[in-house]
Student: 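There's a structure below that I have some questions on.
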Amino acid sequence: MTKKVRVRFAPSPTGGLHLGGVRTVLFNYLFAKKHNGDFIVRIEDTDQARYVAGAEEYIFDCLEWCGLHPNESVAHGGPYAPYRQSERKDSYKKYAEQLIKDGHAYYAFDTTEELEAMREKLKAKGSNSLQYDHRIRMEMNNSLRLLPEETQQLLDTNTPYVIRIKINPNESVSFTDMIRGDINFDTNYVDDKVLLKADGMPTYHLAVVVDDYLMKISHAFRGEEWLPSAPVHILLWKYLFGLHEMPQWAHLPLILKPDGNGKLSKRDGDRLGFPVYAMDWKDPKTSEITKGFKELGFLPEAFINLLAVLGWNDGSEQEIFTMEELIDKFSIERVHKGGAKFDFEKAKWFNHEWIKKLAVDSYMMTVKQLFVQKGVKNIDEGKLTKVIELVKDRCTLLTDFWEQGHFFFTPPKTFDEASIQPKWDEGKKEFFNVLMSKCADVQIWDAVAIENVFKTLATEKKLKIGELQMIFRIILVGTKMGPQVFAIAETIGKQETTDRINNALHHFYF
RNA sequence: GCCGCGUUGGUCAAGGGGUUAAGACGCCUCCCUUUCACGGAGGAAUCACGGGUUCGAAUCCCGUACGUGGUACCA
């Protein structure tokens with residue numbers, strides 16, 4: 001029988017949730033759902049110095065917005081609680097000590113200064129490696145070099161220590177990555193990583209292995225930046241629980257900056273004018289707010305969609321996927337090996353597609369909120385829905401609805417008179433005066449009826465319909481923009497239409 | 001420096017021995033619209049380089065270059 005699929009996302013609560021992080025969650029989530037497995041969120045807060053208040057809650061808010069619901073987590077509970085590593089602190093030490101007992105780890109008493117001195121010395125010698133490894137460990141202050149009594153005495157006198165893994169040289173560590181295939185490491189280049197810190201907390205390396213084992217994780221997907229430390233994790237699995245228990249690994253490609261080189265970072269977003277975090281993140285120390293996709297006007301469906309196809313595709317030409325389709329079609333083997341540069345233009349295109357695709361109801365309230373923020377009072381939701389329907393084709397971001405739809409709720413304060421003036425004369429003026437009274441007679445106020453009245457009158461007066469329509473548009477909107485002019489008139493209503501004509505006629509200075 | 005991973009148009013990418021090397025974003029042109037968009041029709045633009053293997057290489061192998069990640073008592 002194959003193991004039940006259990007995957008985890010293991011963020012450390014240190015700040016905003018990066019889009020690369022969300023993609024890692026997404027791939028984990030899709031894989032879990034596809035195989036009827038569990039998706040676990042485990043908080044890796046083993047570095048107390050980097051702890052940021054509110055970051056944990058923020059991560060769950062982001063996941064909620066994205067529609068990525070954990071089966072087990074700090075917030076959702078579960079049979080393997082606690083899901084916060086700081087609360088599991090005591091469980092790691094015994095594994096570290098077990099490793100020492102088995103000869104796979106050792107106590108190291110070196111101070112920060114001593115470590116620095118060691119690196120300086122190696123540098124001076126022109127060494128290729130500044131690592132704490134098999135080459136230099138017998139020169140350091142650790143239980144490998146010290147006599148057992150000496151070590152015991154240091155321990156007895158509460159000398160601060162860390163526990164390091166003992167990597168044997170001249171061995172080969174290999175594993176099969178679900179994306180990259182067979183990967184080999186020569187242990188000569190692997191260092192004796194710290195497993196347990198002086199404060200008693202485990203490092204990521206120990207914690208990830210212990211918790212993946214304890215939480216029965218079957219597949220471990222993480223960013224490519226973890227690949228170099230994979231041999232440490234594999235050795236730990238071998239020493240502690242046996243390789244047959246080890247989850248299957250997949251190292252996801254990185255998301256890179258659109259210009260230059262390197263991993264995409266929050267700073268690139270600030271610099272190039274696009275979001276990197278899923279939602280607005282307010283730094284509790286500086287109160288500085290970093291914009292998120294959500295607040296910038298992205299739909300969660302679009303955000304998920306664009307992330308899914310950044311480094312993955314199903315081999316067909318399909319680009320727009322619902323979550324259900326993604327779950328159905330996702331396969332980790334089809335994830336790319338190479339990193340992908342993030343393209344904000346394409347990201348916006350996805351959002352545009354989703355604005356057109358989704359039922360208006362699903363985001364009407366978000367748009368309403370935007371209009372309320374802009375100061376529009378007493379918004380009729382039926383009218384707003386109609387407005388959205390009318391202008392959604394020309395909105396790329398949810399925030400564009402203001403620009404594209406504000407004039408349905410607030411009459412224009414200024415007019416594009418430069419466009420009207422060359423066409424303006426007494427005949428036009430009279431046309432609009434008569435139009436007002438004709439409008440009053442229209443029984444069923446809809447676009448077709450208005451167009452009818454408008455065109456009949458224009459023909460009667462022998463005026464160019466195109467010119468009149470342009471002027472009518474500017475009268476209603478203020479500028480040359482928006483959907484079909486008669487649809488605008490219909491939507492704002494009969495009274496408002498005549499009011500705006502009347503008002504504009506008094507405004508024109510020519 | 002050393003170690004790992006990678007490399008198809010500007011970007012995302014399909015294709016994994018024989019293809020006119022898909023498609024999408026963006027860009028350009030035209031059509032539609034006396035608005036701005038949407039939409040439609042076209043267009044420019046790609047297998048990093050050098051060696052092999054092969055009748056035949058974008059595809060397989062080896063180098064090189066370039067990119068990227070790691071090299072912390074951070075994750």
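Here is how names work: the chains are called A, B, and so on, in the same order as the sequence lines, proteins then strands, and each is numbered from 1. What you see is a predicted model, and the numbers here were worked out from it, not measured in a lab.
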Student: Verify the neighbour count for atom CD of A:Glu57: are there more than 12 heavy atoms of other residues, nucleotides or ligands below 6.0 Å?
Tutor: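 Open: at most 12 neighbouring heavy atoms sit under 6.0 Å from CD of A:Glu57.
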Student: When rounded to the nearest 0.5 angstrom, what distance separates CG in A:Leu296 from OH in A:Tyr277?
Tutor: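 Answer for the CG-OH pair, A:Leu296 versus A:Tyr277, is 14.5 Å.
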Student: Rounding to a whole Å, what distance do you find between A:Trp349:CH2 and B:C12:P?
Tutor: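 That distance rounds to 16 Å.
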Student: Answer yes or no: are there more than 12 heavy-atom neighbours, outside A:Lys121 itself, under 6.0 Å from its atom NZ?
Tutor: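 Check fails, neighbour count at 12 or below.
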Student: Taking the nucleotide of RNA chain B with the closest heavy atom to each, which residue, A:Lys464 or A:Asp110, is nearer the 5' end?
Tutor: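 Per heavy-atom nearest nucleotide, the more 5' residue is A:Lys464.
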Student: Rounded to whole angstroms, how far apart are CG on A:Leu196 and P on B:C73?
Tutor: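 Between P of B:C73 and CG of A:Leu196: 13 Å.
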Student: Verify whether one side chain among A:Asn313 and A:Arg334 offers a donor that lies under 3.5 Å from an acceptor in the other.
Tutor: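 Distance-only check passes for A:Asn313 and A:Arg334.
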Student: Please determine, for the side chain of A:Arg119, which listed nucleotide (B:A75, B:U35, B:C73) has the closest atom?
Tutor: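 Nearest nucleotide to the side chain: B:C73.
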Student: Suppose you measure atom C1' in B:G15 against the same atom in B:G70; what distance do you get, rounded to whole Å?
Tutor: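 It works out to 32 Å between them.
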Student: Quick one: the side chain of A:Lys193 and the base of B:A72, do they pair up donor-acceptor inside 3.5 Å?
Tutor: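 No, no donor-acceptor pair under 3.5 Å.
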Student: Could you run through RNA chain B and flag its stems, i.e. three or more consecutive Watson-Crick or G-U pairs with both distances under 3.5 Å?
Tutor: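 Output for stems: B:1-7 with B:65-71, B:10-12 with B:23-25, B:27-31 with B:39-43, B:48-52 with B:60-64.
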Student: Could you give the distance separating B:G9 and B:C49 at their P atoms, to the nearest angstrom?
Tutor: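 About 10 Å, rounded to a whole number of Å.
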Student: Between C1' on B:A75 and CZ on A:Arg50, what's the gap in Å once rounded to a whole number?
Tutor: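 Result: 5 Å.
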Student: Do A:Phe432 and A:Ile471 have side chains that approach each other closer than 4.5 Å (heavy atoms only, starting at C-beta)?
Tutor: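 They are in side-chain contact.
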Student: Please indicate whether A:Lys337 has more than 12 foreign heavy atoms, meaning atoms of other residues, nucleotides or ligands, lying under 6.0 Å from its NZ.
Tutor: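 No, NZ of A:Lys337 has 12 or fewer neighbouring heavy atoms, counting only those of other groups under 6.0 Å.
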Student: Looking only at heavy atoms, which two atoms of A:Ile492 and A:Thr497 are closest? And how far apart?
Tutor: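 Smallest interatomic distance, heavy atoms only, reads CG1-OG1, 3.5 Å.
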Student: Would you indicate what A:Glu224 reaches in the nucleic acid, counting non-hydrogen atoms under 4.0 angstrom: base, sugar-phosphate, or nothing?
Tutor: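 Answer is base: heavy atoms of A:Glu224 come under 4.0 Å of a base.
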Student: Determine the Euclidean distance between corresponding C1' atoms of B:U7 and B:C47; express it in Å to zero decimal places.
Tutor: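 About 10 Å, rounded to a whole number of Å.
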Student: Mind checking the P distance from B:C30 to B:A48? Whole angstroms is fine.
Tutor: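 So the two P atoms sit 35 Å from each other.
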Student: Sticking with atom C1', work out how far B:G16 lies from B:C61, rounded to a whole angstrom.
Tutor: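 These two C1' atoms come out 15 Å apart once rounded.
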Student: Within 90° of 0 counts as syn, otherwise anti: where does B:C61 fall?
Tutor: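 What B:C61 shows is an anti base, its glycosidic angle lying more than 90° from 0.
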Student: For A:Asp211 and A:Tyr92, does a side-chain donor sit closer than 3.5 Å to a side-chain acceptor?
Tutor: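 A donor-acceptor contact under 3.5 Å links the two side chains.
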Student: If we only count heavy atoms from C-beta on, is the A:Trp424 to A:Glu417 side-chain gap below 4.5 Å?
Tutor: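 Heavy-atom side-chain distance check fails, nothing below 4.5 Å.
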Student: Taking NE2 from A:His352 and C1' from B:A24, how many angstroms apart are they, rounded to a whole number?
Tutor: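 For the pair A:His352 NE2 and B:A24 C1', the rounded distance is 14 Å.
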Student: For A:Lys386, does the NZ atom have more than 12 heavy-atom neighbours from other residues, nucleotides or ligands under 6.0 Å away?
Tutor: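 More than 12 heavy atoms, drawn from other residues, nucleotides or ligands, come within 6.0 Å of this atom.
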Student: For B:A44 and B:C25, measure between their C1' atoms and round to the nearest Å.
Tutor: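 Straight-line distance between the two C1' atoms is 16 Å.
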Student: Centres of the A:Phe27 and A:Phe9 rings: under 6.0 Å?
Tutor: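 Ring centroids of A:Phe27 and A:Phe9 are no less than 6.0 Å from each other.
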Student: By a strict heavy-atom criterion of less than 4.0 Å, which residues belonging to residues 334-344 of chain A are in contact with RNA chain B?
Tutor: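 Only A:Arg334, A:His336, A:Lys337, A:Gly338, A:Ala340, A:Lys341, A:Asp343 qualify.
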Student: Take atom C1' in B:A58 and the same atom in B:G18, then report the distance between them in whole Å.
Tutor: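 It comes out at 13 Å once rounded to the nearest Å.
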Student: Atom CG of A:Leu254 and atom P of B:A75: how far apart are they, to the nearest Å?
Tutor: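 After rounding, the reported distance stands at 18 Å.
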Student: Which one, B:U35, B:G4, B:G23, comes nearest to the side chain of A:Glu319?
Tutor: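 So the nucleotide nearest the side chain must be B:G23.
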Student: Measure from the side-chain heavy atoms of A:Asn128 and tell me the nearest of B:C2, B:G39, B:C5.
Tutor: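 So the side chain of A:Asn128 is nearest to B:C2.
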Student: Is the A:Trp354 to A:Tyr363 ring centre distance short of 6.0 Å?
Tutor: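 No, the ring centres sit 6.0 Å or more apart.
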Student: Sticking with atom P, work out how far B:U11 lies from B:G43, rounded to a whole angstrom.
Tutor: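 Going atom to atom, P in each nucleotide, I get 22 Å.
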Student: What is the distance from CD of A:Gln484 to C1' of B:G39, rounded to the nearest Å?
Tutor: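 Spelled out: CD on A:Gln484 to C1' on B:G39 is 16 Å.
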Student: Considering only heavy atoms, which members of residues 21-28 of chain A lie under 4.0 Å from some atom of RNA chain B?
Tutor: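 Those residues whose heavy atoms fall under 4.0 Å from RNA chain B, taken from residues 21-28 of chain A, amount to none.
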Student: Would you kindly give the CD1-to-C1' distance between A:Ile420 and B:U35, to the nearest whole Å?
Tutor: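 To the nearest whole Å, that distance equals 12 Å.
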Student: Is A:Asp191 paired with A:Lys193 through a side-chain N to carboxylate O contact shorter than 4.0 Å?
Tutor: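 So A:Lys193 pairs with A:Asp191 through a salt bridge.
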Student: Take atom NZ of A:Lys257 and atom P of B:C12, then tell me their distance rounded to the nearest Å.
Tutor: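 Nearest whole value for this atom pair: 15 Å.
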